[in-house]
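On a predicted model such as this, the values are computed, not experimentally measured, just so you know.
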Amino acid sequence: MARELLQWDGAMEFQLGQYGFVQEAVDPALDIYEEIERLKHEKDAVLLAHYYQEPEIQDIADFIGDSLGLSRQAAATDAAIILFAGVHFMAETAKILNPDKKVILPDLNAGCSLADSCPADEFADFRQRHPDHVVISYINCTAGVKALSDIICTSTNAEHLVRQIPPDQPILFAPDRNLGRWLIRQTGRPMRVWDGACIVHETFSERKLVGLRMRYPDALVLAHPECEEPILRHADFVGSTSAIRRFARESEAHQFIVATEEGILHQMRKDCPGKHFIPAPPESGCNCSQCPHMRLNTLEKVYLCLKHELPEITLKEDLRIRALAPIERMMAMSTGVS
Ligand code: 13P
Ligand code: SF4
């Protein structure tokens with residue numbers, strides 16, 4: 001992640017290289033919600049937030065969504081500034097789609113274990129060893145990996161995209177082994193899969209999930225396809241964050257055990273105040289169903305990011321152009337999918 005010494009206003013310097021976010025004390029008397037609203041209007045900024053952000057950030061966002069919804073919003077916005085409350089690859093995707101807009105991320109350290117599990121140079125070798133394969137990469141990857149891919153997908157449209165590949169065309173899928181395995185099972189298509197994973201979705205405990213099901217026999221288990229196979233086997237529904245949210249809204253059931261980052265529960269509880277949502281238990285005693293990368297963003301950092309328009313996402317133009325093509329292919333191949 002490129003970080004550099006940045007000048008602000010000719011007077012102050014923020015060494016983002018050391019911290020990755022703006023260091024400034026926030027006046028405790030400040031109405032931070034009101035101030036963020038004021039700055040959004042003054043600067044013509046739009047605040048996009050992923051479902052995994054903490055509830056207070058979701059509550060001030062102009063749009064809350066999954067990776068596909070947020071990419072579509074980023075592609076469609078007229079705002080001059082995109083403040084992305086999510087992780088680095090998401091803000092980077094917004095920049096790939098919007099070279100002329102300023103894209104800012106509250107904390108540059110907000111990475112992704114899945115993206116980290118697939119370094120672009122190793123992926124280039126992998127791809128070279130399988131030149132006849134079409135490369136489908138999950139959006140949770142760096143611009144470098146996107147630039148080496150033919151089609152980008154998200155958990156919302158992955159199955160839809162795989163089904164459009166001619167049956168005799170070999171497929172290479174990266175970087176999530178769990179999503180890859182689930183897609184193979186759903187579509188019956190063999191695929192060569194990169195061995196990467198998400199630290200959050202791999203922490204759920206099958207043993208504890210079975211125990212929870214016994215305590216709540218009427219509860220349905222809803223799981224994200226980034227979860228491991230043993231968890232997915234217990235799921236009544238497998239889908240992206242937006243699909244999980246929609247399923248709970250439309251279901252007749254009243255209790256749900258949810259196996260994904262627990263930030264999604266905020267919108268689910270708002271959608272259905274009468275229903276009971278239980279986060280799936282991680283193997284350890286700590287609250288590991290929170291993504292440590294997503295949770296680096298705080299309300300204070302969102303405010304300071306907007307105030308100083310830092311840290312900013314920048315990309316080399318040749319890399320951006322190469323990474324844009326597979327994202328545009330995804331958009332074209334998944335119109336109408338939500
Ligand atoms: P979706 O937003 O596609 O549901 O993916 C979840 C995720 O892990 C994002 O990092
Ligand atoms: Fe990456 Fe997993 Fe966090 Fe999503 S939840 S941003 S895949 S580490």
Side-chain angles (χ1 to χ4, degrees), residues 66-68 71 89 93 112-142 144-202 204 206 221-244 259-260 322-323 325-338:
D66 69 356
S67 307
L68 181 62
S71 302
F89 77 80
T93 302
C112 169
S113 63
L114 197 42
D116 290 347
S117 68
C118 190
D121 53 344
E122 290 175 33
F123 188 65
D125 287 348
F126 186 59
R127 166 153 211 174
Q128 227 166 25
R129 288 200 302 276
H130 307 288
D132 55 332
H133 285 53
V134 67
V135 179
I136 305 182
S137 294
Y138 193 30
I139 198 164
N140 301 35
C141 64
T142 60
V145 170
K146 287 186 176 76
L148 292 162
S149 306
D150 297 304
I151 308 167
I152 296 302
C153 71
T154 74
S155 52
T156 292
N157 60 20
E159 184 179 339
H160 181 78
L161 298 185
V162 169
R163 289 189 189 280
Q164 291 177 60
I165 307 298
D168 54 345
Q169 169 64 61
I171 302 174
L172 196 154
F173 184 83
D176 189 27
R177 60 174 174 244
N178 295 313
L179 177 60
R181 196 185 299 114
W182 180 75
L183 286 168
I184 291 169
R185 192 149 56 86
Q186 288 297 107
T187 62
R189 283 296 293 268
M191 297 195 300
R192 202 174 284 275
V193 178
W194 182 267
D195 191 19
C198 157
I199 46 164
V200 180
H201 290 87
E202 289 220 320
F204 296 117
E206 183 188 13
V221 176
L222 316 181
H224 195 281
E226 285 177 28
C227 293
E228 289 179 303
E229 172 71 16
I231 298 293
L232 296 182
R233 265 204 307 268
H234 292 282
D236 298 291
F237 177 76
V238 177
S240 65
T241 46
S242 54
I244 286 176
T260 189
R322 283 183 288 121
I327 298 174
E328 287 186 332
R329 225 163 274 138
M330 166 183 84
M331 298 288 200
M333 290 170 76
S334 59
T335 43
V337 179
S338 64

Could you work out, with salt bridge (charged side-chain N to carboxylate O under 4.0 Å, His left out) as the rule, every residue matching [X], not counting sequence neighbours?
{"X": "R329", "value": "none"}
{"X": "R185", "value": "E229"}
{"X": "E228", "value": "none"}

Counting distance only, does the side-chain N/O of K146 pair as donor-acceptor with the main-chain N or O of C141 below 3.5 Å?
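Looks like yes, one N/O pair under 3.5 Å.
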Ignoring hydrogens and geometry, is there a side-chain-to-backbone donor-acceptor pair from Q164 to M333 under 3.5 Å?
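A pair under 3.5 Å: yes.
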Can you list every pair that meets salt bridge (charged side-chain N to carboxylate O under 4.0 Å, His left out) and has a residue in residues 127-142, with sequence neighbours left out?
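For residues 127-142: R127-D150.
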Are the side chains of [X] and [Y] in touch, meaning some heavy atoms are under 4.5 Å apart?
{"X": "I152", "Y": "T93", "result": "no"}
{"X": "V337", "Y": "T156", "result": "yes"}
{"X": "Y138", "Y": "S155", "result": "yes"}
{"X": "L179", "Y": "F173", "result": "yes"}

Go through the side-chain N and O atoms of D66 and S242 and say whether any donor and acceptor fall under 3.5 Å apart.
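Judged by distance alone, the side chains do pair up.
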Pair S149, S137: side-chain N/O donor-acceptor within cut-off below 3.5 Å
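A pair is found: one side chain offers a donor N or O, the other an acceptor, under 3.5 Å apart.
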Donor-acceptor pairs under 3.5 Å, side chain of residues 113-122 to any protein atom, not counting sequence neighbours: which ones?
residue, atom, partner, partner atom, Å
S113, OG, I199, N, 2.9
S117, OG, L114, O, 2.6

Would you compute the distance between atom [atom1] of [X] and atom [atom2] of [Y] and round it to the nearest 0.5 angstrom?
{"X": "R163", "Y": "T187", "atom1": "CZ", "atom2": "OG1", "value": "6.0 Å"}
{"X": "C112", "Y": "F89", "atom1": "SG", "atom2": "CZ", "value": "5.0 Å"}
{"X": "T260", "Y": "I231", "atom1": "OG1", "atom2": "CD1", "value": "12.0 Å"}
{"X": "E226", "Y": "S240", "atom1": "CD", "atom2": "OG", "value": "10.5 Å"}

Restricting to non-hydrogen atoms, name the atom on [X] and the atom on [Y] that form the minimum distance, rounded to 0.1 Å.
{"X": "H160", "Y": "S334", "value": "CD2-CA, 4.1 Å"}
{"X": "S67", "Y": "I139", "value": "CB-CG2, 3.8 Å"}
{"X": "C153", "Y": "M330", "value": "CA-SD, 3.8 Å"}
{"X": "P175", "Y": "N140", "value": "CG-O, 3.5 Å"}
{"X": "F123", "Y": "V135", "value": "CZ-CG1, 3.6 Å"}
{"X": "A223", "Y": "L232", "value": "CB-CD2, 3.8 Å"}

Pairwise ring pair (Phe, Tyr, Trp, His ring centres under 6.0 Å) hits with a residue in residues 223-243, at least two apart
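Output for this query lists H201-H224, F237-F247.
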Partner of I136 under side chain to side chain contact (heavy atoms under 4.5 Å, CB included), chosen from L183, L172, I171:
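Exactly one pass, corresponding to I171.
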Using side-chain contact (heavy atoms from CB on, under 4.5 Å), reason through N178 and E202 one step at a time and then give a plain yes or no.
CA-CA 9 Å; N178 295 313; E202 289 220 320; 2.9 Å; yes
